Each structure stands twice: as C-alpha cells, then as structure tokens.
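Note: hydrogens, waters and symmetry copies are ignored here, and every other heavy atom, side chains too, is used. This chain uses plain numbering: 1 for the first residue, then up along the sequence. All of these numbers come straight from a predicted model, not from anything done at the bench.
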Amino acid sequence: MKKIFQLINETVLVFGLLMLVFFILSLAIGDSAKDASSLFVYGSDSISSAAIFQLLMLSLCVTILNAAVNSNFMIKIMPRIPRLIILFVLIFMILVFMILKFQWFSADQQLPWVLTAIAFVFSFTASTVTVFLKEKEENKKMTEALNSFQKSAK
C-alpha cells in the first residue's frame, strides 16, 4: 500500500510540474500555437480538459516507468547509467507516442519536434542531476550518522 501512495505522490508531483510548464507555455505561446497544437486549442485562455487528462496519463506513465527502472530488482541487475539510458529511451518513446496519438502537433513540423527534444533532454538531465545530488547528500548524512554511532559505541 505504501508503494501505491508513493506512486500517487510522485505522479501528482510530475503532473503539477507539467501543468505549471504548460500554463506558462499557454500564456507565452498559446495564441500562436492554438491552430498548430491540440494542447493549446484555447490559446492563452486555458488548457483543455482533454489535454489535462493526457498530461496526467503522461505523468502516470513516467512515474510507473521510473519506479520500474529504479526498483530494487533492476538496481541489483543493472548499473545506474544503463538504467538511465533505458528510462530516457522509454519515456521519450511514450512522449512520441502521445504526441502522435493525441496530435499535440503535426508530425511533419520540425520546430515542435526539435523544441520537444530539447525540453525533454533538459528536463530529464535536470531531474537526473537533482536526484543524484539528493542521493549524494543523503549518503553523506548516513555516513556521518554511522561514523557518529560507531564512535559512541566505542
């Protein structure tokens, strides 16, 4: 049950960040993109319910993939870098699938694909670095606590 709540929490966090990004995008480029993208059908006025649901599904898929790739089983059988590469590829495949399935923009437009790839690489890299730094800080705290415990036990 704890794992389910953790998945829900992580999904809501990813979804909230996606909604923030798309809110800012709708204000910045919504009117110019409303004829080119189903995500900005209302221009800078709003985000459609369909787009909100699609972004929620993307958030859920990302969270489930992340949990699977970073599960204890996968950690035991595969080093970090290959797991990150697999996660990157799988999430990008889901993103491409959703872009095509929900016609977020036309498949023959180059600029949206380039911008999507850049945004994806940037956000994936930023989140990976953030998680790495957080883990490093936690490991440092645990090492200090263990050293403190060992000194007090002597």
Can you name the closest pair of heavy atoms from [X] and [Y] and give their distance?
X      : Y     : answer
Ala68  : Ser71 : O-OG, 2.9 Å
Val121 : Phe88 : CG2-CZ, 3.9 Å
Ser48  : Ser38 : OG-O, 4.3 Å

Indicate if [X] and [Y] have the same hydrophobic cluster label, given that clusters are the connected sets of ILVMFWY residues with side-chain heavy-atom separations under 4.5 angstrom.
X      : Y     : value
Leu17  : Phe23 : no
Ile64  : Leu18 : yes
Leu58  : Val12 : no
Phe120 : Val89 : yes
Phe122 : Leu25 : no

How about [X] and [Y]: do any of their side-chain heavy atoms sit closer than 4.5 Å?
X     : Y      : answer
Ile47 : Tyr42  : no
Phe22 : Ile52  : no
Leu56 : Met19  : no
Leu87 : Thr128 : no
Ile75 : Arg83  : yes

**Study point:** Any pair counted as salt bridge (charged side-chain N to carboxylate O under 4.0 Å, His left out), so long as it reaches residues 20-30, sequence neighbours left out
**Key:**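 Pairs touching residues 20-30 that pass the test: none.
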
Exercise for review: Using the salt bridge (charged side-chain N to carboxylate O under 4.0 Å, His left out) rule, collect all pairs that involve residues 54-82, keeping only residues at least two apart or in two chains.
Suggested key: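 Of all non-adjacent pairs touching residues 54-82, those that pass salt bridge (charged side-chain N to carboxylate O under 4.0 Å, His left out) are Arg80-Glu135.
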
When the side chains of residues 91-104 are checked against the rest of the protein, which donor-acceptor pairs come out under 3.5 Å, sequence neighbours left out?
| from | atom 1 | to | atom 2 | distance (Å) |
| --- | --- | --- | --- | --- |
| Trp104 | NE1 | Gln54 | OE1 | 2.5 |

Calculate, to the nearest 0.5 Å, the distance between atoms [atom1] and [atom2] belonging to [X] and [Y] respectively.
X      : Y      : atom1 : atom2 : value
Thr11  : Gln6   : OG1   : CD    : 10.5 Å
Leu65  : Leu90  : CG    : CG    : 5.5 Å
Ile24  : Ile29  : CD1   : CD1   : 12.0 Å
Lys151 : Asn147 : NZ    : CG    : 6.5 Å
Thr116 : Gln109 : OG1   : CD    : 10.0 Å
Phe5   : Glu10  : CZ    : CD    : 14.0 Å

Check your understanding: Are the side chain of Asp31 and the backbone N or O of Ser44 linked by a donor-acceptor pair below 3.5 Å?
Key ->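 Yes; judged by distance alone, with no hydrogens or angles, the pair exists.
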
Practice item. Check for a donor-acceptor pair, side chain of Asn66 on one end and backbone N or O of Val62 on the other, with a separation under 3.5 Å. Key: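 A pair under 3.5 Å: no.
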
Check your understanding: Is atom CD of Glu144 surrounded by more than 12 heavy atoms (other residues, nucleotides or ligands) closer than 6.0 Å?
Key ->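 Correct, the count exceeds 12.
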
Review point. Where does the angle between the aromatic ring planes of Phe105 and Trp113 fall among parallel (under 30°), tilted (30 to 60°) and perpendicular (over 60°)?
Key: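 It falls in the perpendicular class, over 60°.
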
